[in-house]
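Below is one structure, written out as structure tokens, with a few remarks after it.
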Protein chains: 2
Amino acid sequence: MEKEWRRSMPLLSMNIVMQLTGLTARQIRYYEEHELVQPARTEGKQRMFSLDDIDTLLEIKDMLSTGVNIAGIKQIFEMKKNPAAKNDTKQVITDAQLRAIVKEEMQIAQRHQRASLRQGDLSRFFR
Amino acid sequence: MEKEWRRSMPLLSMNIVMQLTGLTARQIRYYEEHELVQPARTEGKQRMFSLDDIDTLLEIKDMLSTGVNIAGIKQIFEMKKNPAAKNDTKQVITDAQLRAIVKEEMQIAQRHQRASLRQGDLSRFFR
DNA sequence: TAGTATATGTCATGTTAGCTAACATGTCAA
DNA sequence: TTGACATGTTAGCTAACATGACATATACTA
């Protein structure tokens, strides 16, 4: 789409971006240093920002004010880029272990009649 | 599914959870305080954890070691719960503003022949 | 009933993240 | 060529985060 073009074109100088975002140059460089933005560069090494960059910066600003730190923001950005990421809660406990633990717990529980929360015949869930 | 049952059943005492996760009681309580886990309680107010809770705790431990802070973890958990969340980069700059900015920039650029990055006739993208 | 395990709350502390300030140097429009 | 603007770097401040450490009270276990 044509619009995408515009938003990703590096046109804006540091100066303008500072005004547009209310961030200091140092802050912006800091975020770049931590790979949260990747502005383009002129041949003379000066940063040129796209409007997407602006949005990103504003997002950063927003999340920081929420208490999320740089590492967190980075993580979140990655999740957005790759929503399919194998980010499922990795089951560190296997079903085998699980069964063992549960079994043991159940025995203790039965021995002492302290199936506190779920009263009744819990054992039907495990064998 | 039957398995889900097991994993979400609150069975495990603080003691066991500490061993299973390698976390201190203080840490676990701290995470609960910040609403990252919601263990069930016995009538006597004692925490009872499910295996899902364990997974959550291990995830927290992992992310913390990665440098993500509590606020970030919270945010990420919410994103997982609600992937559809209106988390699209909110366009703080309207297309109108955008056009104005770009136009101005373009004029300067043309005046000074410094369309630095993208050489050529940029103006065809904007009017 | 004694003893161990938890709960909750408060105070303390180390570490570090995010930032400011200040340079000396380099770019770039006029 | 000049002055405003940017650059990378270094040094240092400050606030807060995540835990530890206690103290006291209540809950379980034996």
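A, B, ... follow the sequence lines: proteins, then strands. Residue 1 opens every chain.
- Atom CG of B:N69 and atom P of D:dC17 are 8 Å apart (whole Å).
- Between B:T42 and D:dA27 there is no side-chain polar atom (N or O) within less than 4.0 angstrom of OP1 or OP2.
- The side chain of A:L64 sits closest to C:dC19 out of C:dC19, D:dA27, D:dA18.
- Atom-to-atom distance recorded for A:Q75:CD and A:N69:CG is 10.5 Å, nearest 0.5 angstrom.
- Going from atom CE of B:M14 over to atom C1' of C:dA5 covers 11 Å, rounded to whole Å.
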| said: With side-chain contact (heavy atoms from CB on, under 4.5 Å) as the criterion, how do B:I76 and B:K80 come out once you've worked through the C-alpha distance, each side chain's angles and the decisive distance to 0.1 Å? | reply: CA-CA 6 Å; B:I76 289 169; B:K80 282 192 188 177; 4.2 Å; yes

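- Annotation: of the two residues near DNA chain D, B:H34 and A:M18, the 5′-most nearest-nucleotide partner is A:M18.
- Atom CD in A:Q27 sits roughly 5 Å away from atom P in C:dC19 (whole-Å rounding).
- Counting to the nearest Å, the P atom of D:dA6 and the CD atom of A:E43 are 18 Å from each other.
- The backbone N or O of A:G44 sits less than 3.5 Å from a side-chain atom of A:T42, completing a donor-acceptor pair.
- One atom, CD of B:E32, and another, P of D:dT19, lie 15 Å apart when rounded to the nearest Å.
- Between atom CG of residue B:N15 and atom CG of residue B:L20 there is a gap of 10.5 Å, rounded to the nearest 0.5 Å.
- Using modelled atom types and a 3.5 Å distance limit, the side chains of B:T56 and B:D53 yield no donor-acceptor pair.
- For the pair B:R29 CZ and D:dA21 P, the interatomic distance rounds to 14 Å; values are reported in whole Å.
- The OH-C1' distance, from B:Y30 to C:dT8, rounds to 16 Å in whole Å.
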| Dot-bracket line, read 5' to 3' along DNA chain C, where crossing pairs take [ ] and | marks a partner on another strand, Watson-Crick or G-U under 3.5 Å | ||||||||||||||||||||||||||||||

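- Between A:I73 atom CD1 and C:dA17 atom C1' there is a gap of 12 Å when expressed in whole angstrom units.
- Closest contact between the side chain of A:R26 and the listed nucleotides D:dA21, D:dA6, D:dT9 involves D:dT9.
- The A:Q46 side chain lies nearest to D:dA6 when the options are D:dA6, C:dC19, D:dG20.
- Separation of atoms CD1 (B:I16) and CE (B:M48) is listed at 8.5 Å; rounding is to 0.5 Å.
- Taking only side-chain nitrogens and oxygens, A:T24 never comes nearer than 4.0 Å to OP1 or OP2 of C:dC19.
- With distances taken from any side-chain atom of A:R41 to the nucleotides C:dC19, D:dT7, C:dA7, the minimum falls on D:dT7.
- Comparing C:dT6, C:dT27, D:dT19 against the side chain of B:S13 picks out C:dT6 as the nearest.
- Between B:G44 and A:G44, it is B:G44 whose nearest contact on DNA chain C lies nearer the 5' terminus.
- One distance of note links NZ of B:K74 with CE of B:M63; it measures 14.5 Å at 0.5 Å rounding.
- Sorted by first then second residue, the ring-ring contact (aromatic ring centres under 6.0 Å, His included) pairs that include residues 32-53 of chain B, not counting sequence neighbours, are B:Y30-B:H34.
- OP1 or OP2 of D:dT19 lies within a sub-4.0 Å distance of a side-chain N or O belonging to B:Y31.
- Within the nucleic acid shown, B:R47 comes within 4.0 Å of sugar-phosphate atoms alone, with no base atom in reach, counting heavy atoms only.
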